[in-house]
S.K.: 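Before anything else, here's the structure in question.
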Number of protein chains: 2
Amino acid sequence: MNNEEKLDVCMDFIVHRETLDSVNKNALSDDVVNELAEFFKVFGDATRLRILYALSIAEMCVCDLCEFLGMNQSAVSHQLKVLRQSRLIKYRREGRNIYYSLDDEHIQQIIQVGLKHIMEK
Amino acid sequence: MNNEEKLDVCMDFIVHRETLDSVNKNALSDDVVNELAEFFKVFGDATRLRILYALSIAEMCVCDLCEFLGMNQSAVSHQLKVLRQSRLIKYRREGRNIYYSLDDEHIQQIIQVGLKHIMEK
DNA sequence: TCAAAGCATGAATATATGTTCATATTTTAA
DNA sequence: TTAAAATATGAACATATATTCATGCTTTGA
């Protein structure tokens, strides 16, 4: 391993220049990383996961979701807004009701990979 | 659709009983949902994502990561602790340095699915 | 057209979380 | 064995976020 440069981070010539070059060359852009973090953040909440998983089984109106989640309508609507803005769900109006469903084929895939992970560990 | 029961959530007979039965029957347990949320939460931070992506390219010591991330050592170590506790990374000591690497084959898979999602949207 | 149902949303609050600062721990070189 | 380097960690602080409360909007039935 090469230790060619002195850097602020460590006090000696410890940093691995080749590794850093390789990582820097292949790293994701800030924009992509931030978008990706925002995307995963949506899955990082139990309420939203339950909504997504429920919608993977059936289309549901807000009322249905409130009943299923055992939460009040405002809380559910706020989370639905987050999911809408992340384009993970879509909706259609039918009379006074609004029916939500999944809007992306990656969602179930991601949840499945996550499930596989926690099952195996 | 059947509207058989009156529920607190909505003021009329709007809730869809069949849908709810089906969703309740197939829903994930609270434990699994919470574990899954904790798992995804780890991916929902740009710093941690950058670390994971970097480690998918090369094994790195803390010093390397500080330099790559442009962050101080304490902040990096705190995030490494989160990643260790989630069992997403492992480490080995070599002298004074500690080298981190990925500890799970699902990590790259999940990041790839996420990337595919944000690219297509 | 008007009241009520279903849903959305802004503000407020409580809690969670990321970073910094100071310091502790472990290892090696002298 | 002792000082310094590399890393870890507890506490503090600032920010982000989930839920609640109050209220607004849209649609339908009377």
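Lettering of chains follows the sequences in order, A, B, ..., and the numbering in each one begins at 1.
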S.K.: Can you check the A:D64 CG to C:dC7 C1' distance for me, whole Å?
M.R.: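 From A:D64 CG to C:dC7 C1': 13 Å.
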S.K.: Rounded to whole angstrom units, what separation is found between the CD atom of B:Q85 and the C1' atom of D:dG10?
M.R.: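 From B:Q85 CD to D:dG10 C1': 13 Å.
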S.K.: Relative to B:F43, does B:R48 satisfy both conditions: NZ or CZ under 6.0 angstrom from the six-membered ring centre, and within 45 degrees of the ring's axis?
M.R.: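 Checked: cation-pi criterion not met.
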S.K.: Using modelled atom types and a 3.5 Å cut-off, is there a donor and acceptor pairing between side-chain atoms of B:D64 and backbone atoms of B:C61?
M.R.: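 A pair under 3.5 Å: yes.
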S.K.: Looking at D:dT7, I'd like to know if its phosphate oxygens (OP1 or OP2) sit under 4.0 Å from a side-chain N or O belonging to B:N97.
M.R.: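 Yes, such a contact exists.
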S.K.: Does CZ belonging to A:R87 count more than 12 external heavy atoms closer than 6.0 Å?
M.R.: no
S.K.: Nearest whole Å is fine: how far is C:dG18 P from B:L80 CG?
M.R.: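 Taking CG of B:L80 and P of C:dG18, I get 13 Å after rounding.
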S.K.: Can you give one letter per nucleotide of nucleotides 16-26 of chain D, going 5' to 3': B for a protein heavy atom under 4.0 Å from the base, S for sugar-phosphate only, - for none?
M.R.: -SSBBBB----
S.K.: Students often get this wrong, so: under 4.0 angstrom with heavy atoms, is B:Y100 touching a base, only sugar-phosphate, or nothing?
M.R.: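 Sugar-phosphate contact only.
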S.K.: Over how many whole Å does the gap from A:L83 atom CG to C:dC7 atom P extend?
M.R.: 16 Å
S.K.: One pair to check against side-chain hydrogen bond (donor to acceptor under 3.5 Å, both in side chains): B:E18 and B:S22. What are the steps and the verdict?
M.R.: CA-CA 6 Å; B:E18 271 188 21; B:S22 163; over 6 Å; no
S.K.: Can you see whether B:F68 has B:R50 sitting over its ring - NZ or CZ less than 6.0 Å from the centre and within 45° of the normal?
M.R.: yes
S.K.: Whole-Å distance between C:dG18 C1' and B:K81 NZ?
M.R.: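 So the two atoms are 14 Å apart, to the nearest Å.
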S.K.: Does a nitrogen or oxygen in the side chain of B:R84 sit under 4.0 Å from OP1 or OP2 of D:dT9?
M.R.: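 Answer yes for this pair, as a side-chain N or O of B:R84 is under 4.0 Å from OP1 or OP2.
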S.K.: Output yes when B:R17 and B:D21 qualify as a salt bridge under the 4.0 Å nitrogen-oxygen rule, no when they do not.
M.R.: yes
S.K.: Would you say a side-chain N or O of A:Y99 is under 4.0 Å from OP1 or OP2 of C:dC7?
M.R.: no
S.K.: How many whole angstroms separate atom CD of A:E94 from atom C1' of D:dT28?
M.R.: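 One finds 13 Å between C1' of D:dT28 and CD of A:E94, rounded.
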